[in-house]
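Contents: one structure, followed by commentary.
Numbered from 1 within each chain, the chains take letters A, B, ... in sequence-line order. Only this structure's heavy atoms are used, side chains among them; waters, hydrogens and symmetry mates stay out.
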Amino acid sequence: MTENLVIVESPAKAKTIEKFLGKDFLVKSSFGHIRDLEKKEFGVDIENNFKPNYIISYDKKSVVKELKGLAKEAKTVWLASDEDREGEAIAWHLQEALNIDDNKTRRIVFHEITKNAILEAIQSPRSIDKNLVNAQQARRILDRLVGFEVSPVLWKKVKPQLSAGRVQSVAVRLIVEREREITAFVPTSAFRVQAVFIVADDKGKLTKLKAELNKRFKTKEEAQAFLEKCINSEFEVSDVIKKPAKRTPAAPFTTSTLQQEASRKLGFSVSQTMSVAQRLYESGYITYMRTDSVNLSSLAINTAKSKIIQLFGDDYSQTRKYKTSSKGAQEAHEAIRPTYMENESVSGSKQEQRLYELIWKRSLASQMSDAKLEKTTINIKVSNASEFFVATGEVIKFDGFLKVYMESTDDEEENHGEAGLLPPMKKNDILKHETIEAVERFSLRPPRYTEASLVKKLEEQGIGRPSTYAPIITTVQNRGYVVKEDRPGEERAFTTLSIANGTVKEEVKKENYGTEKSKLFPTDIGSVVTDFLMKNFDMIMDYNFTAKVEEQFDTIAEGKQEWNKILADFYKPFHKQVETTLEVSEKANGERLLGTDEKTGKPVSVKIGRYGPLAQLGETGDAETDEKPKFASLQPGMSIETISLEQALDLFKLPRDLGDYEEKKVTVAVGRFGPYVRHDNKFVSLDKSDDPLTVTFERAIELIEAKREKDRKAVIKTFDDEPELRVLNGRWGPYIAFKKKNYKLPKGTNAEELDFDNCMKIIKEAPEPRKTKRKKK
DNA sequence: CAGTGAGCGAGCTTCCGCTTGACTT
């Protein structure tokens with residue numbers, strides 16, 4: 001029998017701690033929360049002071065059973081869940097669910113997984129902080145009330161199966177509003193003037209110097225006038241200004257900053273980062289990856305220091321303590337850092353190695369000295385004009401932390417990176433110009449969110465927690481509110497002016513802009529739901545709602561307020577909104593009238609239908625003519641908010657009848673899988689370059705014939721005795737098709753040599769397809 | 001797999017935060 005049972009949240013943590021504590025301690029894990037509100041019948045008795053009804057979560061039954069047995073045998077049970085609201089609640093639920101006596105329960109906490117921290121914790125146990133637990137219960141119950149009262153309103157007023165919640169609805173709102181800012185954005189253009197000067201040094205060696213004019217011109221005429229003045233101007237250095245500057249390293253990683261940097265530097269998605277980090281954590285290479293703390297243990301700071309001195313010398317070391325600035329941080333863990341700072345790399349997959357290296361560099365850099373720079377600004381006056389050119393350069397005098405790590409940024413500004421060292425120059429030097437060019441540049445619209453920049457925004461607002469950032473991104477996409485995709489950019493013309501042979505030459509060039517990769521776009525349903533919620537549940541949709549209720553939860557944690565009182569205060573006005581909305585609110589479908597079809601004189605509108613966004617031609621309920629309206633689904637990438645009348649009318653042109661081929665109709669249309677040609681009940685996808693609205697009969701036949709040829713090649717073997725049995729060539733190589741089912745060939749089979757008996761044998765021996773319990777759709 | 005959009009009614013959906021695997025593609 002073990003004297004001491006220690007329960008932590010994570011199994012990897014349990015393993016580490018067990019080593020520190022020795023044989024008198026058995027360390028087990030609860031795998032997070034073990035109980036939650038009952039889902040059926042709400043799980044909260046609102047009439048009865050919001051009494052929660054907790055049940056053991058389905059997938060925790062065996063864990064709880066095991067822990068219960070161990071707890072019964074142990075003399076002392078140490079509840080060592082995290083030191084935050086959720087951790088305290090886990091400890092309390094454990095005590096309740098495992099039925100542990102108060103006098104044999106000890107509550108302990110530690111912020112870092114080091115031997116000292118753990119031994120110290122064992123020396124100073126406390127009891128469960130019921131106020132903190134109550135703050136968690138209030139949080140949990142409030143989220144249930146919001147989610148389970150508002151979602152059904154959406155089912156009735158918008159569409160079944162939709163969801164709303166304190167976090168997800170606000171996340172969608174951010175994306176919807178950003179998209180509308182982008183739609184409303186009107187770019188302005190201005191002419192930026194850049195010059196390349198030739199500078200000669202003492203020995204007559206020539207170097208180029210790029211400089212930009214201190215002013216942008218609003219019109220082409222102004223830019224032209226300036227360039228004309230330049231033709232006969234002299235260019236003289238009027239100022240050389242040198243200023244020292246410094247840069248400071250960024251704090252070590254939290255979950256949110258790790259997700260951002262892994263996205264920018266390694267191109268990882270938010271969930272990819274988390275699963276790679278999880279593996280590093282389980283291998284013992286890094287500390288816990290779900291944290292909002294930037295704190296490093298003194299042990300880590302010391303090993304980082306000696307590593308830095310060993311690698312780069314004393315000058316590069318500067319120990320620092322970082323403070324968390326993000327709203328609502330609970331700081332139960334350390335920052336994310338290598339377990340052993342001295343390990344520059346670890347074994348594992350390529351991804352694991354790259355993420356580890358990123359974490360190692362960031363952690364090490366955070367304990368290094370500032371980089372010292374010298375910024376040089378050179379002003380060059382133009383004899384015939386009042387404007388002047390400015391060249392800037394930056395020289396690193398001492399690299400400090402930049403030796404290992406440089407943080408990236410999200411901005412899409414075109415000219416990153418300053419020029420490095422400038423050629424030596426002094427006041428009154430006269431410069432010759434190589435080129436002077438005025439280029440029309442357009443203002444930038446607000447950027448769309450990436451997964452990582454959305455996480456950053458949410459964290460800034462105190463919305464969501466490190467353990468939920470990745471799931472939030474998944475949820476809003478699974479609910480169909482948001483899509484992550486690439487979109488092609490558009491082409492636009494811009495004007496350039498340059499000096500050539502003593503005159504100003506004008507050219508019109510083309511550029512692509514607005515190309516998006518892996519960005520978050522709202523869907524129509526996302527926009528409609530957001531509008532509906534904004535109109536009827538402004539309280540929940542307020543960006544400050546979470547911050548406000550967090551303040552309330554804090555007063556509960558401090559013992560200044562009763563948790564049921566806080567909930568009652570919230571629930572009263574909230575529930576009234578629910579009832580009023582159910583009563584008075586119209587069904588929301590985002591309907592928008594686009595105009596009238598000139599041919600038929602009928603109205604054209606768009607809205608969200610049962611199966612998604614659609615365009616409608618004509619009106620319903622015309623009893624006299626008994627004429628039903630025409631419907632057409634919107635195509636991917638179209639939105640009911642931005643579609644034009646012409647685009648909508650185009651949708652009704654499909655399916656198009658192209659004529660007869662082999663006495664059967666050839667039609668072209670757009671289906672769920674894109675544009676296709678249909679002939680004799682067979683479908684052939686159109687090429688990317690084909691437009692279903694204009695594709696010709698000849699081209700359609702070409703596609704049909706190509707498909708036939710391909711199908712012929714797809715059949716490797718048929719059997720006279722059994723027409724339903726065929727050996728086919730598919731996307732993943734040869735396979736057997738038999739009675740509508742497909743069977744893969746055992747490795748090393750030569751498809752050409754298969755005979756009837758071989759095939760039947762493979763079919764017979766094929767493993768039963770496994771049962772799947774897919775939740776989605 | 002290449003559609004749908006009338007209307008009725010039964011039965012279902014849904015939240016946020018802690019944790020990992022066990023599942024697909």
Side-chain angles (χ1 to χ4, degrees), chain A residues 8-14 29-37 39-40 42-44 57 59-60 63 81-82 84-91 93-94 136 139-156 159-169 274-275 278-279 281-282 288 290 330 332 463-472 475 479 540 546 589 607-616 620-621 628-633 654-655 667-678 681-686 732 769-777:
Chain A
V8 295
E9 291 179 38
S10 144
K13 200 170 170 181
S29 115
S30 75
F31 295 83
H33 275 295
I34 52 156
R35 297 203 302 188
D36 192 15
L37 296 173
K39 266 184 145 174
K40 287 178 227 150
F42 224 76
V44 181
S57 311
D59 54 341
K60 297 295 164 56
V63 176
S81 43
D82 298 343
D84 58 14
R85 205 161 61 198
E86 298 297 326
E88 202 68 20
I90 288 174
H93 279 300
L94 280 168
Q136 191 275 347
R139 197 282 302 156
R140 179 67 192 92
I141 293 166
L142 181 131
D143 283 335
R144 171 56 63 86
L145 293 172
V146 171
F148 277 34
E149 289 214 6
V150 179
S151 299
V153 177
L154 294 179
W155 304 343
K156 289 202 182 73
K159 215 177 116 170
Q161 251 124 32
L162 294 176
S163 65
R166 172 176 60 83
V167 171
Q168 58 168 281
S169 298
M274 292 314 281
S275 69
Q278 175 88 27
R279 287 200 296 276
Y281 167 66
E282 284 170 7
Y288 197 55
R290 290 186 271 262
Q330 306 203 2
I463 299 166
R465 305 278 313 127
S467 69
T468 60
Y469 295 138
I472 290 165
T475 303
R479 294 271 168 271
I540 307 296
T546 290
N589 57 14
K607 66 177 182 187
I608 295 200
R610 255 198 300 170
Y611 310 104
L614 62 85
Q616 180 176 334
T620 40
K628 278 183 189 164
K630 274 182 155 181
F631 298 99
S633 291
L654 297 173
T667 54
V668 57
V670 180
R672 195 140 71 98
F673 309 99
Y676 64 89
V677 176
R678 183 179 188 155
N681 272 334
K682 291 203 178 76
F683 298 88
V684 187
S685 291
L686 288 189
W732 297 289
R770 296 204 202 194
K771 272 191 191 166
T772 58
K773 39 175 181 181
R774 291 192 61 189
K775 273 194 99 180
K776 227 196 110 191
K777 289 210 165 172

Separation of [X] atom [atom1] from [N] atom [atom2], in whole Å?
X       : N       : atom1 : atom2 : result
K39(A)  : dC16(B) : NZ    : P     : 12 Å
L154(A) : dC15(B) : CG    : C1'   : 12 Å
L654(A) : dA2(B)  : CG    : P     : 17 Å

Under 4.0 Å, heavy atoms only, any strand: does [X] hit a base, just the sugar-phosphate, or nothing?
X       : answer
G165(A) : sugar-phosphate
G464(A) : sugar-phosphate
F42(A)  : nothing

Contact between [X] and [Y] at the side-chain level, heavy atoms closer than 4.5 Å - yes or no?
X       : Y       : answer
T468(A) : V167(A) : no
K607(A) : L614(A) : yes
D82(A)  : K13(A)  : yes
S30(A)  : I90(A)  : yes

With distance as the sole criterion, do the side chain of [X] and the base of [N] form a donor-acceptor contact below 3.5 Å?
X       : N       : result
S633(A) : dG5(B)  : yes
R140(A) : dC15(B) : yes
R139(A) : dC16(B) : yes

OP1 or OP2 of [N] less than 4.0 angstrom from a side-chain nitrogen or oxygen of [X], does that happen here?
X       : N       : value
R279(A) : dG21(B) : no
S10(A)  : dT20(B) : yes
S467(A) : dC18(B) : yes
R479(A) : dC15(B) : yes
S163(A) : dC15(B) : yes
R166(A) : dG17(B) : yes
Q168(A) : dC16(B) : yes
Y288(A) : dT19(B) : yes
Q278(A) : dT20(B) : yes

Looking only at the side chain of [X] (C-beta and beyond, no hydrogens), which of the listed nucleotides [options] gets closest?
X       : options                   : value
I90(A)  : dT20(B), dT14(B), dC18(B) : dC18(B)
F631(A) : dC15(B), dG5(B), dT20(B)  : dG5(B)
R678(A) : dT20(B), dG3(B), dA2(B)   : dG3(B)
D36(A)  : dT19(B), dT20(B), dC16(B) : dC16(B)
P160(A) : dT13(B), dT14(B), dC16(B) : dT13(B)
E86(A)  : dG17(B), dT19(B), dC15(B) : dG17(B)
K60(A)  : dC18(B), dG21(B), dC12(B) : dC18(B)
F31(A)  : dT20(B), dT14(B), dG5(B)  : dT20(B)
L614(A) : dG17(B), dG5(B), dC15(B)  : dG5(B)
R465(A) : dC18(B), dC15(B), dT14(B) : dC18(B)

Could you run through DNA chain B and flag its stems, i.e. three or more consecutive Watson-Crick or G-U pairs with both distances under 3.5 Å?
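Detected stem regions: none for this strand.
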S10(A): side-chain hydrogen bond (donor to acceptor under 3.5 Å, both in side chains) partners, not counting sequence neighbours
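Partners of S10(A) by the side-chain hydrogen bond (donor to acceptor under 3.5 Å, both in side chains) criterion, ordered by chain and then number, come out as Y281(A).
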Residue whose nearest DNA chain B nucleotide is more 5′ - L37(A) or E282(A)
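In this pair, the answer is L37(A).
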Walk me through it: do R290(A) and Q278(A) pass the test side-chain contact (heavy atoms from CB on, under 4.5 Å)?
CA-CA 9 Å; R290(A) 290 186 271 262; Q278(A) 175 88 27; 3.6 Å; yes
Which is it for H93(A) and K60(A) under the side-chain contact (heavy atoms from CB on, under 4.5 Å) test, yes or no, and what are the steps along the way?
CA-CA 12 Å; H93(A) 279 300; K60(A) 297 295 164 56; over 6 Å; no
